[in-house]
Every structure is written in structure tokens, then in C-alpha cells.
Amino acid sequence: MLNPILAQVHDAIAQRLLGKSEAIRLALCAILARGHLLIEDLPGMGKTTLAHSLAQSLGLNYSRVQFTSDLLPSDILGLSVFDARDNRFEFHPGPVFSQVLLADEINRATPRTQSALLEAMAEGQVSIDGETRALPEPFFVIATQNPSEQMGTYPLPESQLDRFLIRLTLGYPDIDSELALFQRVVGRERQEHPKNLPSLTDTQGLQTLQAEVDRVSATDDVLHYVSRLVQATRNHPNCALGLSPRGALALLEASKAWAYLDGRQYILPDDVQAVFSAVAEHRLVPVAGSTTDSRQLTRELLATVNVLRQV
Amino acid sequence: MLIPRAVLLMIFGLMPVLLVPLIEVVPNWLIGVYLLAGAWRYGAYLGKANYPKGGVKVVLVVVSIGALGWDMGSWKGLEPMVALLLLAFALKVTELVTVRDTLILILVAYFIVAAQFLFSQSLSATFLGIAEIWWITAVLVAVNCGTQPGLLRRALRQSGTVLAQAIPLMLALFFIFPRLDPFWAVPLQSSGGVTGVSDRMNPGDIANLSRSAALAFRAEFAGPIPPNRELYWRALVLDRQVGETWRASMPEPRRSLPDVSPEIDVSITLEPTGQRWLPVLETPATLSMPALIAKSNTAFAGADIKSDTRYRLLATRDDRFDTIHPLERSRLLQLSPGRNPQTRALAQQWRGQLPSDRDYMDAVFRYFRVQPFYYTLNPPTLGANGVDEFLFTTQRGFCEHYAGAFTELMRAAGIPARVVTGYQGGELNPVSGAVVVRQYDAHAWSEVWLEGQGWVRVDPTAAVAPDRIEYGLEQALAEEGSFLENTPLSALHFKNIALINALRLRLDALSYEWQSWVLGFDRNTQSTLLTRLFQGNEPWKYAVTLALAWALVMLPLAFRLWWSERPKVSPHDRVLGDFLSLMSRHGFVREPGESLAHFQGRIASANPRGAKEASAFINAYSAHQYQPNKARYIAASELKRLLRECKRRFKA
């Protein structure tokens with residue numbers, strides 16, 4: 001990783017989330033590309049840890065909402081309260097008015113509450129009581145969710161899933177990482193870890209990084225490859241819903257960020273391949289009744305779509 | 001699958017187009033069947049009528065086929081079959097529901113168009129046929145397109161394209177496809193198939209013929225065109241009188257002429273007559289087609305002329321070959337007994353007073369000139385002693401009256417004479433240079449045997465109506481106004497309007513070219529052309545040349561196709577292709593989804609020896625291909641150099 005700040009952020013998070021370098025990079029990608037991040041996994045896999053460490057190490061102010069089924073939209077957006085002294089309504093901003101909103105277990109909330117996030121995620125503003133209020137810059141939503149097969153969840157609708165630039169899963173750690181984790185808690189490497197990570201950059205620094213990511217470019221060859229991939233999702237017989245143009249642009253944005261993380265100012269097909277699963281999986285809808293899930297789909301597409309133009 | 005609405009409309013349009021050109025061949029009531037069928041189907045389309053049910057269909061078929069058989073009289077011949085085809089087409093329209101029905105209908109329609117050519121192969125028929133095929137093919141395209149906006153226009157355009165593409169093939173087949181004899185022949189039944197002068201002449205026959213402006217034949221002279229008054233086209237010689245009718249006797253073949261130098265060289269394209277005679281001029285010497293040349297200076301084909309026939313005639317004005325046997329002489333004096341006593345008495349009387357046959361002939365000729373004879377297309381009907389009546393009472397007649405009376409007067413005086421029928425004059429078309437002879441140019445005249453002079457042509461009509469011989473029938477009948485009075489719209493009436501006349505002549509010339517070049521392209525012409533083209537007529541030369549020609553035409557097309565379809569590869573990509581095939585020869589096959597960086601890693605881990613070179617190549621290529629702001633331009637030659645190093649390394 002060429003950029004020292006990003007390298008430090010990555011290493012700091014990697015200290016807490018062992019053996020998940022790839023996931024950390026994808027998370028950074030989402031932030032650098034100004035996208036929202038959805039982390040999906042079983043309870044106890046480190047979703048919240050990742051979200052927290054990301055916000056802390058990037059020096060962003062954040063608020064956390066634990067989504068439950070009785071959570072109301074006003075619990076996120078805020079509400080106007082009558083002030084008897086001044087004889088007027090005063091707006092009490094909700095947790096959404098922060099740079100990073102950690103939406104924990106987002107799929108436990110009712111669709112009504114989920115959709116309250118929609119405008120905020122898409123446009124960076126919220127409308128409350130007929131008044132539109134801008135959210136701080138930058139604004140990210142880092143949401144975590146349990147796999148929707150779990151009890152008591154409301155699966156996010158496609159439209160909302162599409163707002164998330166990247167969805168990643170953490171998965172079980174490998175044996176070495178898990179051992180190292182044990183060592184830290186009870187073994188020889190027992191040490192006190194501070195509860196909060198020090199911030200390694202600030203809003204200004206992050207915006208500079210984002211601007212640099214914006215300058216990453218790509219040649220026609222790469223764009224053609226992206227186009228072929230996107231076309232393949234639309235033409236695949238097992239794929240009911242292919243990538244939308246927004247999905248395709250998201251793929252490019254994520255690829256740019258990935259290339260920047262690699263210290264390049266241009267995209268390689270490898271970057272596209274690295275982020276494709278994370279960008280596309282939650283957007284593709286397999287044909288009803290087919291045995292393939294979207295993970296198998298992306299894997300198959302990556303294997304069959306030719307990286308090179310026909311030579 | 002149901003048919004689109006536009007297709008139904010196109011089929012309604014097709015119905016009259018198929019029926020009208022054949023209406024002269026089939027019973028007229030088929031028009032009614034067509035209207036009924038169309039109306040029925042339209043009613044079904046509107047939802048106001050049902051498609052015919054099974055029983056109704058059976059009744060329709062039985063009734064209409066029965067009516068057809070009753071009307072046509074016999075099932076033999078072509079016309080009933082064509083009528084059946086047309087009937088089938090109309091009946092099929094009533095039950096037209098699915099695409100499959102339409103396809104059957106289209107097939108029948110193609111057949112009907114082909115059948116039209118059995119009856120007419122003229123230029124206009126050909127254009128009509130092409131237009132019909134265009135339309136039918138458009139229906140075929142449309143029915144396969146399904147409902148969509150602008151279907152008609154699209155179908156017509158595509159059909160036109162397809163037909164245009166077929167033109168070269170059509171031409172090739174026209175010129176080289178062997179003209180085979182038909183394996184079987186169906187006789188044409190046409191009752192009106194016999195036209196032109198016939199082998200018997202009653203008073204009034206030729207006048208009837210002269211009411212038609214139909215084409216008889218066209219003649220193209222190789223040398224200067226003789227003046228109209230010398231153009232006596234001989235068809236038949238009538239030398240037997242039966243009652244008032246002049247009849248032809250069996251032609252006697254003539255021995256070929258000793259060496260003569262024919263001064264007349266003319267190519268004649270004869271319209272079908274249904275008879276055998278071939279028009280000739282003067283004394284025919286040779287004909288370019290197998291024909292019998294009779295002693296009477298007429299010519300006959302081996303079979304009835306059923307289609308356009310083209311032949312070249314060499315003829316001479318030399319009449320020293322005329323002979324007459326004593327036996328023949330008595331035949332040429334024969335008259336039907338007991339008729340026209342007045343005429344015969346007059347003949348005896350005059351001949352007795354005059355010293356020679358010649359003088360007598362002149363006297364008769366003078367009689368026709370001096371007496372108030374009137375040349376008319378509408379002569380009065382004559383009784384049993386027609387010649388008497390004509391000569392002394394009515395004195396109104398057409399050429400056959402004059403020729404008949406004159407011949408009778410000659411024979412009655414003991415001078416051998418005969419009637420010749422055929423055509424006289426013709427119209428020179430300055431555009432094509434051909435003399436156009438129409439049915440109204442039909443004529444009859446006499447020939448008289450004078451000792452020492454041979455056969456002498458005498459045309460009594462010339463004495464009565466000199467204009468007929470000099471300027472043609474129209475001038476001769478100008479006063480009477482009876483020229484083509486039954487066809488008031490014929491373009492021939494408007495000769496004095498320059499534009500119409502020019503147009504008429506131009507069309508005639510075009511039609512003549514069509515006849516002589518397209519219809520006249522028969523087996524002989526084809527074999528002449530092919531022999532000249534292939535320097536001999538061995539079949540293998542034929543085959544080889546055709547194959548070569550085919551290759552010559554198709555290879556550039558194939559090449560163009562290949563060239564335009566070939567993937568457009570930049571030089572760098574081509575070198576990459578070479579690199580990848582080199583790698584695959586050494587066991588490294590890149591999967592489609594494998595990026596170059598990954599491929600590079602795979603090679604490096606499996607073959608450390610060549611890794612450096614392979615990496616160098618891939619890095620250089622990637623740098624060229626994926627870096628937008630190239631710090632260093634990497635030329636294809638540089639890539640080639642790296643590739644050569646890879647090859648060297650991997651070979652070792």
C-alpha cells in the first residue's frame with residue numbers, strides 16, 4: 001500500500017481484526033469511493049469491531065444505532081421537540097447527523113425504519129417536518145446485518161441494497177489468526193489494548209485521499225472488460241436481475257479505490273476482479289428456482305468472461 | 001400463429017393481380033368467385049362472417065370445380081388446369097387463418113405467375129410477372145416478420161433486395177442453362193388460337209381480319225427496305241374455287257433453286273398463328289428454319305406456329321424458275337360450275353375481242369379502274385352468284401372481292417390464275433428499323449400466268465384504291481372512317497399526335513428487341529453463343545469455365561466477408577496472441593477469466609527459468625495496455641523483441 005496513511009489505518013485495524021486484510025481493504029475501498037458499506041455475517045464475527053475501528057482510525061465522528069424491530073424513523077433522523085421556554089419547536093438531530101452512522105443489525109428494523117435511511121444514503125440529506133437538512137460531509141453508512149436467513153429479520157429490499165457500494169462478509173478466521181487472537185486474550189502475548197483506536201487522519205485528510213482516488217483512470221481495454229462483465233451479468237441465464245448502470249459505475253468506483261490502495265493511478269483488470277464479488281453479489285438476483293446463488297454466479301462470471309479482448 | 005392484418009391486406013391486393021392477366025384464358029365467372037372469396041374473408045376479419053365450415057367447404061369445392069368442368073368442356077389442356085389453380089387460390093383465401101395457410105397460398109401464387117408465362121411472354125407480361133413476384137415475395141417476408149409498424153414498406157424493400165440479388169443468377173441461368181425439351185407437353189386449348197390469313201377465303205374474311213390491329217409479324221431487312229408497294233408478303237396461294245370460296249391445295253415441295261444471288265435478305269419474327277404458313281417475299285430461296293418451300297412460292301413450317309418464331313429469309317425477284325405443267329394448267333383454270341354466268345360470259349366475250357392474254361388482262365384492270373368501284377371495309381353481303389353481284393350491282397368490296405373477281409375473270413377467259421393471300425405493306429418503325437406488319441395489313445391479290453412471262457402479280461385493289469398500296473389501309477379508308485372503328489382507343493388512331501406516335505414506335509421497338517433478343521434466344525442461339533464463347537462445345541470446357549466464373553465472382557465476395565468479419569486486432573494484441581500461444585505450447589493455458597498478472601504469477605511459480613522473460617513481456621504489455629498516461633511508449637517492435645527472448649528462453 002503506497003499511501004502511508006492508508007497503510008497505517010489498515011495496519012491498525014488489522015491489529016484488532018486478525019487475518020482479515022482483504023475485508024479491511026474492501027471496507028477502505030468503500031470509504032475512499034464515497035460509498036456505503038454493508039457488512040454481512042453471523043454474530044460474533046467482528047462486524048462491529050471492523051465498523052468501529054474504521055470510523056475511529058479515520059478520525060470521523062460517528063454514532064451508532066442498534067437497530068431493533070421497534071426502532072422508529074425518528075430515532076435515527078431526530079425529531080422536533082416543543083420548547084416551552086422559547087415557545088417553539090426545537091429540532092433535536094438524530095444519530096444520522098454524524099459523519100459515520102453505524103447501523104448495527106440493520107435488518108432487524110422494520111422496512112419503514114430502513115427506508116428512513118434511504119434518502120440519507122442516496123442524497124446526503126434528510127427531510128424532516130418538511131424541512132431538508134444537509135448531513136455532514138463526508139457521510140457514510142456502515143451497516144451490519146445478519147444473514148437474512150436468521151430469525152426475526154427483515155431482508156433489505158433491492159433498492160436499498162443497491163445503495164451500498166460494497167457488501168462484504170468476514171467469515172471465520174483461519175487457524176493461525178484465531179490462535180493469535182487466543183494468545184492475546186489469555187496467552188503469552190496478553191496485553192491491554194486500548195478501547196479506542198487513535199485517529200490517524202481527519203476529515204480533511206480523508207477528503208484529500210478521496211480526491212486522489214478520483215484521479216485514478218482507466219484505459220479502454222479495462223473499460224471494455226468491465227462492460228463485458230456487466231453484459232455477462234445481464235445475459236446470464238441464471239441471473240434474473242443483472243447489474244444496473246449504477247451497479248456498473250459502482251464497480252468502476254470500487255476498482256478505482258482498489259487500484260489506489262495498490263498505489264496505482266490506473267485500473268488493472270485485477271482490480272476489477274478483486275472488487276467484483278463485493279460490488280456485484282448483493283445486486284444480482286438469481287433466477288427463482290435456480291440452484292446457483294449470487295456468489296457462485298460472480299465466481300462463474302469472473303472465470304468465463306475474457307479479461308483480454310479476443311486475441 | 002395468426003397472420004398480421006397487413007398481410008391480409010396484401011393478399012387481398014394480390015388476388016386481382018393474379019386473376020386479371022389470365023382472365024382471357026379462364027371463365028369470367030371466376031371474377032365473381034374472387035370477389036365473393038375476398039368479401040367472405042373480409043367479413044370474417046370484421047367478425048361478421050364465419051370461416052367456412054367443413055361441409056360448406058366441400059360444397060364450395062364440388063360446386064365450383066363442377067362449374068369449371070362444365071364451362072371448360074374438357075379437362076384436357078392447360079387452361080382448365082390454370083383455371084383450377086386460380087379457383088384453388090380463391091377458395092383458400094376464405095379459410096386463410098394461420099401462417100401455414102399463407103405459405104400454401106404464396107406457393108400457389110408463384111405457380112400462377114409461372115402459368116401466366118405459358119400464355120404470354122411479351123415484355124409487358126414479363127414486367128408484370130416480375131412485379132407480381134415482387135409482391136408475392138413481400139407477402140412472404142411480411143408473414144414471417146409478424147406484426148410491426150411499417151411492415152408493408154419493410155417487406156417490399158426486403159423483397160426487392162432479394163429479387164435484385166437474384167438478377168445475376170437469373171442472367172447466368174438464362175444464358176447458360178441448357179434449353180431442354182419438355183419431358184411432357186400439355187396442349188394449349190385456345191380456340192381463338194388461329195389468327196392471320198387462313199387457307200380458305202370467303203368474301204368478307206379479310207375485311208374481318210383487317211379490323212384488328214394485332215401484330216402479325218415484324219421484318220428486319222439486311223439491305224435497303226423496299227418501298228411499300230413492293231412489300232407483298234405471301235402467305236398462301238389459293239387456287240381452288242369451291243362455291244364462292246377460294247381454297248389452298250396441298251403445297252407441292254419445290255426443288256432447291258440452282259445458284260441464284262438472292263437480293264432480299266430479311267429476318268422475320270412471326271407472332272403465333274396456329275397455322276403453318278410463313279410469310280415470304282417474292283421467290284423464297286432459303287429459310288433459316290426447317291421449312292417446306294412450295295412451288296407456289298410459299299413456305300410452310302413443319303408444325304403449327306404456336307409461339308414467336310424467328311427466321312431469316314433469302315429471296316430473289318428472279319422469276320425464271322416459275323413453271324407450269326400441262327396438268328397443273330387445267331387445275332388453274334378450274335371454276336366452280338354453274339356460278340356467276342354473267343361474269344363468265346363477259347370474260348368469254350372480251351377475250352374473244354382482244355388479241356392476247358395481256359391485252360385482256362389490261363382491259364379487266366382498266367374495267368376496275370374506270371367503273372365506280374368503292375373500296376370499303378364494310379361491303380354488303382353477297383348471294384350465291386357473288387362475283388356477278390359484286391361486279392355489276394354492288395361494286396363495293398374489300399381486297400378479297402377484287403382479287404377473287406379478277407381471278408375468276410381470268411380463269412373464265414382461259415388464263416391460268418390464282419389468288420394469293422398474305423399481307424401488304426407494313427409500317428416502318430424508325431426506332432427499331434423493323435417493318436411492323438399488323439393484321440389490318442392482310443391482303444389478297446391475284447397472279448396470272450402469261451406465256452413467256454411466268455407468273456405476273458396483278459393487284460386489282462391498286463386499281464380501285466391506289467392509296468391502299470402506297471400508304472396502307474388507314475389512308476385508303478380515310479374517307480370512310482372505318483379504320484379500326486371497333487377499337488377507338490387504339491394508339492394507332494393518334495398517329496398524328498407526335499408524342500403519342502413517338503411513344504408508340506418506341507414501345508414497339510422495345511418489344512421487338514425483347515422478342516428478338518430474349519424470346520429469340522433459343523437453343524440454336526444459345527449453342528452458337530456458347531460455341532463462340534468456349535471455342536467449341538465440349539462439355540468439360542463448359543464446366544471448367546463455369547466453375548472458374550463462379551469462383552471469380554464468389555471469391556472476392558467471400559474475401560470481403562472474411563475481411564470485414566475478421567477481428568480487428570491491434571499490433572500489440574497480435575503480439576500478445578503470439579505470446580499466449582507460445583505459452584500454451586509450453587503448458588500454460590490462460591483461462592478466459594484469468595488476468596495477465598495472475599497468469600504471470602502462475603508462470604513464475606511453475607517455471608522459474610523462463611519467468612523473467614515472460615514477466616518482462618507481460619509487464620511491458622500491461623504497461624502499454626492499461627496505463628492511461630504512458631510514461632514510455634512501448635512499440636509493438638519492442639514487444640516482439642521481448643517475445644523473441646521468451647521464445648529463446650523457453651526453447652532452451
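In the text below, chain A, chain B and the rest are named by the order of the sequence lines, each starting its count at 1.
- If you measure heavy-atom distances from A/Thr304 to chain B, the contacts under 4.5 Å come from the backbone alone.
- Contact annotation for A/Ile267: only backbone heavy atoms (N, CA, C, O) come within less than 4.5 Å of a heavy atom of chain B.
- With ring centers used as reference points, B/Phe650 lies under 6.0 Å from B/His586.
- Side chains of A/Ser21 and A/His10: a donor-acceptor N/O pair is present below 3.5 angstrom, by distance only.
- Taking chain B as the reference chain and counting heavy-atom pairs below 4.5 Å, the highest number among A/Asp221, A/Leu229, A/Asp220, A/Leu268 is found for A/Asp221.
- Evaluation of the salt bridge (Lys or Arg N to Asp or Glu O under 4.0 Å) rule for A/Asp162 yields A/Arg246, A/Arg283 as partners, not counting sequence neighbours.
- Closest non-hydrogen pair, B/Cys145 versus B/Arg154, comes out as SG-NH2, 3.7 Å.
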